[in-house]
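These numbers come from the heavy atoms of this one structure, side chains and all, not from hydrogens, waters or symmetry mates.
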Amino acid sequence: MQLDLKTIEALAPDQASLGAAAKLTKRSNWPRLETNEQLGLIWGECQGSGSNPYRVAFDTRDHGYKCTCPSRKFPCKHILGLMWIGATAPASFDRVDQTPEWVNDWLGRRRKPGQPPTPAPAGAEGKSIDEAARPEQSAPIEDAAAAERRAAAQRKRAEDTRSAVSAALDELDQWLADQLRLGLAGFVDASSERCRRIAARLVDLKATALAGRIDELPAKLMALRSEERPDAAIRELGKLVLIAKAWRAAPDDAELKRLVSTSETRDQILANPDAVQVESDWEVLGEKIETRRDGLVSHATWLLDLKSPTPRFAVLLDFFPASAGRRSGAFAPGDRFKARLVFYPSRVPLRALVAERLGDASPGNWPDFALNAAGDPLAAYAAFQDGAPWLSDWPILLPAGAIALDEKDGAWWQAANDPHGIALPVAGSVNQTLLGLDLEVTAALWNGARLELLASQSNIGRLDLS
């Protein structure tokens, strides 16, 4: 095994992961440790916080790895711990000639760096047409049997996941009831500890997406003023109740699966015949970059459809480890391009993938969408909440207005020439040069409490506000 501590330190995402890995090198944490020296593989089972141990495998030749834990660090502490044992105590591994089925499955699905194409079977060259056309009886039978085993394994995994998620939502219901019993004022003060505890339990029960949402809740509350936090907590806890009820009513719904457990892959979305596809001209309104508590960075890029008769938006989401540093984005605010977008199945389609980029689009102003025909700039948000009440941020286009500053409450967007005096609070700080400027139309995100400004069209041109 070609492993040493320098290699482990180079692969570790951060020092905290190394420290956690060092604690996992005790033999009691690893009920199974095996190696196939001929293939350069080491693998084992590591006892985690769940009832079933995590399966961990590592290729010592090209440093490929696999772990079944839900960690978002790459590699995770279990991989590092396995490598550490391989480097410092190789005698701990039982030497075997056969690899288990789950390791073989991983090896069959991964592509090693620089791996050449699979060679043609021996004797394939020089065959006659009759020999090539002659059917082989044994292969189809074996393939059908293997396909049936894979299908049965997939069905079993889907049933296990559904049972685990159902149990997770039962625990979530009990946790929510406890928060109401203890009082929401106390919840706001102790949200970090309470949310972290239930989030860890939901991860064990495969409700990873919902766990991440709960884990981010304390940071969102602390970003608000103290008097706003109880109302925000009530809204978010109410959304969790709605998600749980909706999932129980339709556990196979793609959108609800995405909110509770795991999301589809890019290939699955592109191959989905029911996914909405839109080919149009798009403008990048702005981006929103957030570092999450699980060590991932969320990079959201918001787009506006320039050919739709009514405002249509799309968001491109990308996630990457914070330890990798900030990535250079494929788009910049103000960019215009032609593309075919495929939207994730949803009651109100918003998240999308760029399936095909078709070139640049011509510059110009935004289309005239005849905004605010009903006199309410938040009418689109209200309609969105009717369709998907468990979501928060929604892009809207605001009619003509201006930004004013209140020394006590911060910045406000105010509608121009509006007898009703509509004004909406703006999140964060605002560039002082924008105060009082006539904004013809403004794109922003509204979460039910505050605006996050993205971009605006004014008499001096396009303004990037994100």
Side-chain angles (χ1 to χ4, degrees), residues 11-14 16-17 54 64-80 109-110 161 165 195-196 199-200 202-203 206-220 223 236 243 254-272 275 284-303 313-333 339 341-346 349-355 357 388 390-395 445 447 452 454 466:
L11 292 175
D14 50 46
S17 297
Y54 301 130
Y65 52 83
K66 168 68 176 178
C67 182
T68 59
C69 79
S71 173
R72 297 297 182 90
K73 291 187 177 181
F74 311 103
C76 65
K77 63 181 181 181
H78 310 105
I79 294 292
L80 296 174
R109 288 186 285 106
R110 72 182 292 254
T161 299
V165 171
C195 289
R196 182 62 94 173
L202 294 183
V203 167
K206 300 183 179 181
T208 52
L210 199 58
R213 177 170 182 157
I214 295 175
D215 203 21
E216 295 299 317
L217 176 57
K220 292 181 179 179
E236 187 58 31
I243 292 174
E255 180 182 11
L256 296 173
K257 281 184 178 180
R258 201 178 309 130
L259 292 170
V260 173
S261 53
T262 57
S263 177
E264 308 94 318
T265 65
R266 176 184 175 88
D267 292 339
Q268 289 173 331
I269 295 298
L270 295 178
N272 188 344
V284 180
L285 294 174
E287 58 184 9
K288 184 178 181 180
I289 302 175
E290 296 178 312
T291 300
R292 309 191 330 174
R293 293 186 65 179
D294 58 6
L296 282 183
V297 175
S298 169
H299 188 164
T301 304
W302 296 89
L303 309 177
F313 302 89
V315 59
L316 311 177
L317 281 180
D318 185 24
F319 300 92
F320 55 89
S323 58
R326 180 170 178 176
R327 293 183 179 179
S328 58
F331 306 102
L341 267 56
V342 180
F343 287 81
Y344 283 68
S346 175
L350 184 62
R351 184 180 176 184
L353 296 170
V354 178
R357 189 163 177 172
W390 41 76
L391 299 182
S392 298
D393 292 346
W394 184 255
L445 302 177
N447 62 8
E452 291 190 46
L454 295 175
S466 66

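Residues Leu11 and Tyr65 form no side-chain contact, since every pair of their non-hydrogen atoms from C-beta on lies 4.5 Å or further apart. Residues Val354 and Phe331 meet the side-chain proximity criterion, which asks for heavy atoms closer than 4.5 Å. Within the 4.5 Å cutoff, no side-chain heavy atoms of Val315 are placed close to those of Thr301. Contact check for Ser298 versus Glu216: no side-chain heavy atoms found under the 4.5 Å cut-off. Residues Pro345 and Asn272 meet the side-chain proximity criterion, which asks for heavy atoms closer than 4.5 Å. Considering only heavy atoms from C-beta on, Leu210 stays 4.5 Å or farther from Val165 through its side chain. Looking at Ser263 and Tyr344, their side chains come closer than 4.5 Å, going by heavy atoms from C-beta outward.
Taking CD1 of Ile79 as the reference point, atom SG of Cys69 lies at 8.0 Å (rounded to 0.5 Å). Taken from CD1 in Ile214 to CZ in Arg293, the straight-line distance is 12.0 Å, to the nearest 0.5 Å. Between the CG atom in Leu270 and the CG atom in Leu353 there is a gap of 5.5 Å [rounded to 0.5 Å]. Taking CG from Asp215 and CZ from Arg196, the interatomic distance works out to 4.0 Å, rounded to the nearest 0.5 Å. Rounded to the nearest 0.5 Å, atoms CD (Glu452) and CG (Asn447) are 6.5 Å apart. In this structure, the separation between CG on Leu341 and CZ on Arg357 is 11.0 Å, given to the nearest 0.5 Å.
Listed here is the closest heavy atom pair of Leu350 and Trp302: CD2-CZ3, 3.9 Å. The two residues Gln268 and Glu264 come nearest to each other via the heavy atoms OE1-CA, 3.2 Å. The heavy-atom pair separating Ala199 from Ala211 by the smallest distance is O-CB, 3.4 Å. Taking all atoms of both residues into account, the shortest heavy-atom contact from Phe343 to Ala275 is O-CB, 3.5 Å. Between Arg351 and Phe319, the closest heavy-atom pair is NH2-CE1, 4.3 Å.
Defined by atom type and a distance below 3.5 Å, a donor-acceptor pair is present between the side-chain atoms of Glu255 and Ser346.
Ion pairing between Lys220 and Glu236 fails under the 4.0 Å rule for side-chain N and carboxylate O.
Of the possible polar contacts, one joining the Thr208 side chain to the Ser261 backbone as a donor-acceptor pair under 3.5 Å is found.
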